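It should be emphasised that the depicted structure is a prediction, and the values quoted were computed from it without experimental measurement. Reckoned from all heavy atoms, side chains included, excluding hydrogens, waters and symmetry mates. Protein chains get the first letters and strands the later ones, always in sequence-line order, with residue 1 at the start of each.
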Number of protein chains: 2
Amino acid sequence: MTRGLTARQTQVLEFIEEFTSGHGYPPTVREVAANFGFRSPRAAHDHMKALEKKGFMRSRAGRPRALEVLHSRRGIPVLGKIAAGQPILAVEEAEELLGLEPTFFGQGRFFALRVRGESMIGDHITEGDLVILRAQEEARSGEVAAVLLGDEVTLKRVVPGKQGLELRSANPTVPSIFLGPQDEPPRILGVMVGLVRKN
Amino acid sequence: MTRGLTARQTQVLEFIEEFTSGHGYPPTVREVAANFGFRSPRAAHDHMKALEKKGFMRSRAGRPRALEVLHSRRGIPVLGKIAAGQPILAVEEAEELLGLEPTFFGQGRFFALRVRGESMIGDHITEGDLVILRAQEEARSGEVAAVLLGDEVTLKRVVPGKQGLELRSANPTVPSIFLGPQDEPPRILGVMVGLVRKN
DNA sequence: CTCCCGACTAGACCTGTGTATAGTAAAAAC
DNA sequence: GTTTTTACTATACACAGGTCTAGTCGGGAG
């Protein structure tokens, strides 16, 4: 439920966004109704009017399909500080959305983290960069992943070794972390698929 | 004239793309007609049908605004090899288009260059990175710019000094270039505004 | 208990819009 | 010189689709 919307209104808004980015044009009132099984266009129209009054959409009266979702929640969310146990990928928590095509970095669910510090400088990732990650719980050897350590998220290269798991830093001044078999395995939030830097 | 389209058809296609990305929904046949001053919707409809037959659009019969531009020419063009004297920013020359919002890196006309080699490694720009540049002919001191030297485009930091212009590399093994007042000033194609890396 | 609001159904009105028929005129192709 | 293509005008039709009136039902607030 996004900011004062009812559950149904959220669903309708989400459908409209999905439909639009899938088809290239917004749905009609009746197409919305059909999607939810409404037997009257009035039901869909009511929800859309509510969404408009609440500022989530804009539409031109009388014009078919002439509607625009305003603060789109499509795009890759840039997540800020993340606390352990919190719903990591709650889009609502996003401080910002990156305006690029949903499939820009391939298939899957993505999020971005703003890099603080120079711990991955060896991989040419520097302060302020936005690292793009595909949300997944596993990482293959050698992949750079966002790892939850305590209540901090850090970016590390995951390298399984003989004595356990190595979380390798790409900066000689930042020590790598070695986890033995007795240690609790770290929670992986996503693996790095790209990087965006805005000067 | 893009690939077998008449001049008018190109204009119509461009208008449809602009309208759609500006409004969030495609124009009607009559809105296209109005834009070009056609006094009959038939004229616009004919062009749109031609565009559809040629594979540049798709539309659902009878449905208002239900049209989709297929291979969109919106986005930031990734330019490959560029020869001197050629129309540098001809979108048609693009090997690829980056699917991000036109305003992602701000206002202006943008293009991207794929980085070859490690000449800017000191600025954490590495092989394969896509450097995003705003198309402009001037660079301020300290900005990284795409510079045309002979028939090669290189990425250099532009630093005006006492004896002339320095095109500074960010790699100790790649020498910087110094241009005196007697040298022809280099042609600047654009200044760097960002970077996109896909793993 | 009553009132209000969210979430719908049923049915209808009417206009915006895709699309058709019938032409005109000029340029390009054959 | 004739045909084809491009680029339009003028008019009209039918229906998709926005929007209206009138109502039902349930849940939560006062």
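What you find for A:Ser169 and A:Ser176 is that their closest heavy atoms are N-OG, 3.2 Å. Of all heavy-atom pairs between A:Gly24 and B:Glu68, the closest is CA-CG, 4.3 Å. B:Leu133 and B:Met192 make their closest contact through CD2-N, 3.7 Å (heavy atoms, listed as atom of the first residue, atom of the second, distance). Taking all atoms of both residues into account, the shortest heavy-atom contact from B:Leu70 to B:Gly55 is CD1-O, 3.5 Å.
Which of C:dA10, D:dC20, D:dC8 sits closest to the side chain of A:Lys49 comes down to D:dC20. With D:dA12, D:dT19, C:dA10 as the candidates, the nucleotide lying closest to the side chain of B:Pro41 is D:dA12. Of all nucleotides listed (D:dA7, D:dT19, C:dT9), C:dT9 comes nearest to the side chain of A:Phe38. Of the listed nucleotides (D:dG17, C:dT17, D:dC8), C:dT17 has the atom at the smallest distance from the side chain of B:Thr28. For B:Pro64, whose side chain is taken as the heavy atoms from C-beta onward, the closest listed nucleotide among D:dG18, D:dA12, D:dA16 is D:dA16. Distance from the side chain of B:Ser40 is smallest to D:dT9 among D:dG18, C:dG18, D:dT9.
In this structure, CZ in B:Phe111 is found 5.5 Å from CG in B:Leu189, a value given to the nearest 0.5 Å.
What separates CZ of B:Arg63 from P of D:dA16 is a distance of 7 Å, to the nearest Å. One can place CZ of B:Arg60 at 16 Å from P of C:dT17, the figure rounded to the nearest angstrom. Rounded to whole Å, the distance from CD on B:Gln11 to P on D:dT6 is 15 Å. The nearest whole Å value for the distance from the OH atom in A:Tyr25 to the C1' atom in D:dA16 is 13 Å. Rounded to whole Å, atom C1' of D:dA7 lies 15 Å from atom CG of B:Leu5. To the nearest angstrom, P of C:dG11 lies 10 Å from CZ of A:Arg39. Rounded to an integer number of Å, the gap from CE of A:Met48 to P of C:dA7 is 15 Å.
Under 4.0 angstrom from either OP1 or OP2 of D:dC8 there lies at least one side-chain N or O belonging to B:Arg8. Listed pair A:His47 / C:dA7 meets the phosphate criterion, a side-chain N or O lying under 4.0 Å from OP1 or OP2. Close to D:dA7, at under 4.0 Å from its OP1 or OP2, lies a side-chain N or O of B:Thr6. Residue A:His45 places no side-chain N or O under 4.0 Å from the OP1 or OP2 atom of D:dG18.
Residue-to-nucleotide proximity on DNA chain D shows that, of A:Asp46 and A:Leu67, the 5′-proximal contact is made by A:Leu67. Each of A:Gly62 and B:Ala43 was assigned the nucleotide of DNA chain D with the nearest heavy atom; the assignment lying further toward the 5' end belongs to B:Ala43.
If you check every strand for non-hydrogen atoms under 4.0 Å, A:Arg30 touches a base. Across all strands shown, B:Ala61 has heavy atoms under 4.0 Å from sugar-phosphate atoms exclusively, and none from any base.
Side chain B:Arg42 to base C:dT21: a donor-acceptor pair is found below 3.5 Å. In the interface, the side chain of A:Arg65 is not paired with the base of C:dT17 through any donor and acceptor atom under 3.5 Å apart.
Under 3.5 Å, the side chains of A:Tyr25 and B:Arg60 contain a donor-acceptor pair of N or O atoms.
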